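Encoded as structure tokens, the structure appears first; notes follow it.
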Amino acid sequence: YQLHIALRFESDLKATLIDMDIHPWVLQKLTVLKQCLPQWFEKAVFGAWLAGLVVREMSLGQPMIDAALIAGWTHDVGFLRIDPAVLFKKGRLEPEEWRVLQSHVITGQRFLLAVPDLDPQVPSAVREHHERCDGTGYPDGRTCRQLGLLGKVIGMADSVLAIRVNQFKGTGRTLRDVLPYLQMNDVTHSLEVYRAMSSILKKSNLKPVHINPYGGIRAMAEVVHRRSTAIHEVRKHLILFQRALLEQARGSRPCKVANVLMMSINNVLTKTAAAGLEGDETLSWLAGIQDGEDDVLPDLNELELAENELLWHIQSLLRAADNYFDSEAGGGGGIAKMKNIAAGVRDALAQAKAAGRK
């Protein structure tokens, strides 16, 4: 709300909504979404609001704001066609179940393609909102030059939404604390959208929130140290994984799932280096922090936020690995070796998550 007021979006948004001609099919679909998947409807409203704000910040004009609102509202309507047993499953998804979840972007696009007189950017954006500029997204593994601008905007809004719902809820953090995540993903999202989102957050007058849910400074440093140690272990496994994947691909043309997996590995290795977790310096610093050193709380918060983002990317990497193994069933000793390495990554990830709960 503070961001909404600080950027004076109220009057522009009201004027836009009053003048918009929304097709009855879209309104009907949103009504069903609200009744059947109310949490997804709330996300749709937030995503539309933020996408519209980003488009306005980029000075792209009123038609683009209209398109951003409709794409934001409808970007997840494809979930209405997903089996609830898969949609609400707790725990690890099998590769086929993950592909079913991913299909929501295609289902949403097909619905919107049938809506008369709709801006063609809208269905394309819905299909592309889980694509990423570094090629690690889905369903097509497109890179920045292959993506439409509106798809990049909806993708950014959806990412911010996921952080708000999955990580910040109940912590006291605000959207201003998304900035460290954006900085870690400067090659994941397009530069122009990244700059617009960062500009909005800086104009919001919100301040970073420094929290310590673990007690004293030493207690927090110990938790962050355990997670950093586990991520450090993940990095060691991923270097071996990278070598094994290159060896497996030698002499043959890599398939699409292998390329996505390799890009995912490179992505995590790059981000661990950016967070200062490629060497032992950060671990030594954390080990030496004592109670009373309250001035290090901002640094601990920044590192914890970076760890949260890394854990998410590691989880995504493991899904890419599962897809690769599923496509290469019976691939021989090289695949067996990589499965063992992936098991090490999974164990280290579980340790990192467990450390954050202590």
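We number each residue from 1, following the sequence as shown. All values derive from a computational prediction rather than experimental measurement.
The closest donor-acceptor contact from the side chain of E131 to the backbone of G141 lies under 3.5 Å. Between the side chain of N267 and the backbone N or O of M263 there is no donor-acceptor pair closer than 3.5 Å. At least one donor-acceptor pair under 3.5 Å links the side chain of R218 to the backbone N or O of I289. Here the side chain of D326 pairs no donor or acceptor atom with the backbone of P95 at under 3.5 angstrom. Judged by distance alone, the side chain of D280 and the main-chain N or O of S284 form no donor-acceptor pair under 3.5 Å. Judged by distance alone, with hydrogens and angles left aside, the side-chain atoms of Q146 form a donor-acceptor pair with the main-chain N or O of T143 at under 3.5 Å. Using modelled atom types, no side-chain atom of N185 and backbone atom of L182 make a donor-acceptor pair closer than 3.5 Å. S124 places no side-chain N or O within donor-acceptor distance of the main-chain N or O of Q121, the cut-off being under 3.5 Å. Side chain of T272 to backbone of L277: no donor-acceptor contact under 3.5 angstrom is found. Counting only distance, with no hydrogens or angles, the side chain of S228 and the backbone of H225 share no donor-acceptor pair below 3.5 Å.
In plain terms, the two heavy atoms of A6 and N205 that are nearest each other are CB-ND2, 4.0 Å. The nearest pair of heavy atoms linking L33 to W73 is CD2-O, 4.4 Å. Residues L87 and W40 approach most closely at CD1-CZ2, 3.8 Å, considering heavy atoms. Of all heavy-atom pairs between R132 and G155, the closest is NH2-O, 3.8 Å.
Ring-plane geometry between Y138 and H130 is classed as parallel, the angle between the planes falling under 30 degrees on a 0 to 90 degree scale with a further cut at 60. Ring geometry for F241 against F325 counts as parallel: the plane angle stays under 30°, on a 0 to 90° scale with 60° as the upper cut. W25 and H23 have perpendicular rings, their planes meeting at more than 60° on a 0 to 90° scale where under 30° would count as parallel.
The pair E97-K89 counts as a salt bridge, with a side-chain nitrogen and a carboxylate oxygen less than 4.0 angstrom apart.
Residues passing the side-chain contact (heavy atoms from CB on, under 4.5 Å) test with D66, sequence neighbours excluded: T16, M20, Q62. D12 meets the side-chain hydrogen bond (donor to acceptor under 3.5 Å, both in side chains) test with R56; sequence neighbours excluded. Qualifying side-chain hydrogen bond (donor to acceptor under 3.5 Å, both in side chains) partners for D291, counting only residues two or more places apart in sequence or in other chains: none. Listed by chain and residue number, I217 satisfy the side-chain contact (heavy atoms from CB on, under 4.5 Å) test with D294 (two or more places apart in sequence, or in another chain). Residues meeting the side-chain hydrogen bond (donor to acceptor under 3.5 Å, both in side chains) test with R142, sequence neighbours left out: E128, D140. With sequence neighbours excluded, the residues satisfying side-chain contact (heavy atoms from CB on, under 4.5 Å) with N301 are R173, H210, I211, M220, L297. Applying the side-chain contact (heavy atoms from CB on, under 4.5 Å) rule to R243 yields the partners I239, L240; only residues at least two apart in sequence or on another chain are considered. Residues passing the ring-ring contact (aromatic ring centres under 6.0 Å, His included) test with F111, sequence neighbours excluded: none. Partners of D322 by side-chain hydrogen bond (donor to acceptor under 3.5 Å, both in side chains), not counting sequence neighbours, listed by chain and number: R92, R346.
Around atom CD of Q102, more than 12 heavy atoms belonging to other residues, nucleotides or ligands sit under 6.0 Å away. Crowding of Q39 atom CD: a count of heavy atoms from other residues, nucleotides or ligands under 6.0 Å not exceeding 12. In E96, the CD atom is crowded: over 12 heavy atoms of neighbouring residues, nucleotides or ligands sit closer than 6.0 Å.
Taking NE2 of H237 as the start and CG of L349 as the end, the distance is 11.5 Å to the nearest 0.5 Å. Rounded to the nearest 0.5 Å, atoms CG (D21) and CG (L118) are 11.0 Å apart. Atoms CZ and OG1, on F79 and T107 in that order, are 10.0 Å from each other to the nearest 0.5 Å.
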Q167 vs Y181, side chain to side chain donor-acceptor pair (under 3.5 Å): CA-CA, chis, key distance, verdict: CA-CA 11 Å; Q167 297 192 30; Y181 290 86; 2.5 Å; yes
Step-by-step side-chain contact (heavy atoms from CB on, under 4.5 Å) determination, S103 to R81: CA-CA 9 Å; S103 71; R81 298 293 298 274; over 6 Å; no
Test salt bridge (charged side-chain N to carboxylate O under 4.0 Å, His left out) applied to K14 and D19, step by step: CA-CA 9 Å; K14 279 187 176 180; D19 292 338; over 6 Å; no
side-chain contact (heavy atoms from CB on, under 4.5 Å) between L149 and M58, intermediate numbers included: CA-CA 11 Å; L149 181 56; M58 297 173 74; 3.9 Å; yes
Worked verdict on E247 versus R250 for salt bridge (charged side-chain N to carboxylate O under 4.0 Å, His left out): CA-CA 5 Å; E247 184 178 337; R250 187 173 293 132; 5.3 Å; no
Stepwise side-chain contact (heavy atoms from CB on, under 4.5 Å) test for K29 and T74: CA-CA 8 Å; K29 189 68 72 172; T74 60; 6.0 Å; no
Stepwise side-chain contact (heavy atoms from CB on, under 4.5 Å) check, L3 with R176: CA-CA 9 Å; L3 192 154; R176 177 61 174 75; over 6 Å; no
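Counting only residues at least two apart or on different chains, no ring pair (Phe, Tyr, Trp, His ring centres under 6.0 Å) pair has a member in residues 274-322. Screening residues 190-202 for side chain to side chain donor-acceptor pair (under 3.5 Å) gives E57-S199 as the qualifying pairs, with residues at least two apart or on separate chains.
The closest side-chain heavy-atom distance from V45 to W49 is not below 4.5 Å.
In this structure, M184 is not a member of the same hydrophobic cluster as L201, with clusters built from ILVMFWY side-chain heavy atoms closer than 4.5 Å.
Through side-chain heavy atoms spaced under 4.5 Å, either directly or across other Ile, Leu, Val, Met, Phe, Trp or Tyr residues, Y1 is tied to I5.
Checked against a 6.0 Å centroid threshold, the rings of H104 and H129 count as neighbours.
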